[in-house]
Amino acid sequence: QVQLVESGGGLVQAGGSLRLSCAASGRTFISYAMGWFRQAPGKEREFVARISRSGSATYYADFTKGRFTISRGSAKNTVNLQMNSLNAEDTAVYYCAASVVDGGARAVDYDYWGQGTPVTVSS
């Protein structure tokens with residue numbers, strides 16, 4: 001079984017930055033595409049960013065507006081999300097997800113999910 005664990009969330013003031021990380025354990029001999037999603041209270045889970053299995057292609061939701069950067073970590077099947085210029089609408093639980101094939105912007109494209117790390121942006 002594959003487990004994904006997110007870290008790096010917390011409380012940050014508007015305009016600040018956070019770096020989220022995700023690490024996979026278990027069947028890590030498999031190469032995964034990785035993505036980030038988020039879910040605010042009362043809202044649907046939404047796509048944030050994804051990176052291809054090779055790491056050569058990245059994709060972002062429009063609301064990131066150039067503020068977020070997804071990257072693969074130095075270890076296999078790890079991924080980071082650098083978030084800059086955070087605002088109150090970025091407050092949500094952020095989830096890491098993995099797919100055995102290159103995924104898309106839909107949650108159903110992903111096979112494994114972490115438990116989420118909360119991000120709260122205060123004004």
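No experiment lies behind these values; they were computed from the predicted model shown.
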Open item on the list: If I take atom CD from residue Gln39 and atom CD from residue Glu46, how far apart are they, to the nearest 0.5 angstrom?
Closed with: 9.0 Å
TODO: For Gln3, look at atom CD and say whether over 12 heavy atoms of other residues, nucleotides or ligands are found less than 6.0 Å away.
DONE: no
TODO: Enumerate the residue pairs fulfilling disulfide bond (SG atoms under 2.5 Å apart) with a member in residues 55-123, sequence neighbours excluded, ordered by first and then second residue.
DONE: Cys22-Cys96
- [ ] Establish whether Val93 and Val5 are linked, either directly or via other cluster members, by ILVMFWY side-chain heavy-atom contacts under 4.5 Å.
- [x] no
TODO: Identify the two heavy atoms, one from Ile51 and one from Ile70, that lie closest to each other, and give their separation to 0.1 Å.
DONE: N-CD1, 3.9 Å
Task: Spacing of Lys43 atom NZ and Glu89 atom CD [to the nearest 0.5 Å] - done: 8.5 Å
Task: Smallest separation among heavy atoms of Leu86 and Leu18, with atom names - done: CD1-N, 3.9 Å
TODO: Please check if Val79 and Val100 belong to a single hydrophobic cluster, counting links between Ile, Leu, Val, Met, Phe, Trp and Tyr side chain heavy atoms closer than 4.5 Å.
DONE: yes
Task: Contacts of Arg19 that satisfy side chain to side chain donor-acceptor pair (under 3.5 Å) - sequence neighbours left out - done: Asn80, Gln82
Task: Pairs involving residues 4-15, ordered by first then second residue, that meet side chain to side chain donor-acceptor pair (under 3.5 Å) (sequence neighbours left out) - done: none
Task: Distance-minimising heavy-atom pair for Gly104 and Phe47 - done: O-CE1, 3.9 Å
Open item on the list: By the salt bridge (Lys or Arg N to Asp or Glu O under 4.0 Å) test, which pairs, at least two apart or in different chains, include something from residues 61-74?
Closed with: Arg67-Asp90
TODO: Could you note down all residue pairs passing disulfide bond (SG atoms under 2.5 Å apart) where residues 24-59 supplies at least one of them, sequence neighbours left out?
DONE: none
Task: Sequence neighbours excluded - salt bridge (Lys or Arg N to Asp or Glu O under 4.0 Å) pairs with any residue from residues 48-60 - done: none
- [ ] To the nearest 0.5 angstrom, please state how far the CE atom of Met34 sits from the OG1 atom of Thr58.
- [x] 14.5 Å
Task: Leu20 reachable from Tyr59 in the ILVMFWY side-chain graph, under 4.5 Å edges - done: no
Open item on the list: Is any side-chain heavy atom of Val119 closer than 4.5 Å to one of Met83?
Closed with: yes
Open item on the list: For Ala107, give me all partners under side chain to side chain contact (heavy atoms under 4.5 Å, CB included), at least two apart in sequence or on another chain.
Closed with: Phe37, Trp113
- [ ] Tell me, please, which residues at least two apart from Ser85 pass side chain to side chain donor-acceptor pair (under 3.5 Å).
- [x] none
Open item on the list: List the residues meeting side chain to side chain donor-acceptor pair (under 3.5 Å) with Ser52, not counting sequence neighbours, and say none if there are none.
Closed with: Ser54
TODO: Taking all heavy atoms of Leu4 and all of Ala24, pick out the closest pair and write down the distance.
DONE: CD2-CB, 3.4 Å
Task: Qualifying ring-ring contact (aromatic ring centres under 6.0 Å, His included) pairs, either residue in residues 60-99, two or more places apart - done: none
Open item on the list: I want to check something: taking the side chain as every heavy atom from C-beta on, are Ser122 and Leu11 in contact at a cut-off of under 4.5 Å?
Closed with: yes
- [ ] For residues Asn84 and Ser17, report the shortest heavy-atom separation together with the two atoms involved.
- [x] OD1-OG, 2.9 Å
Open item on the list: Under the rule for salt bridge (charged side-chain N to carboxylate O under 4.0 Å, His left out), what residues qualify as partners of Asp111, not counting sequence neighbours?
Closed with: none
Open item on the list: Donor-acceptor pair, distance only, cut-off 3.5 Å: does the side chain of Tyr32 make one with the backbone of Thr78?
Closed with: no
Open item on the list: Ser123: which residues meet the side chain to side chain donor-acceptor pair (under 3.5 Å) condition with it, sequence neighbours left out?
Closed with: none
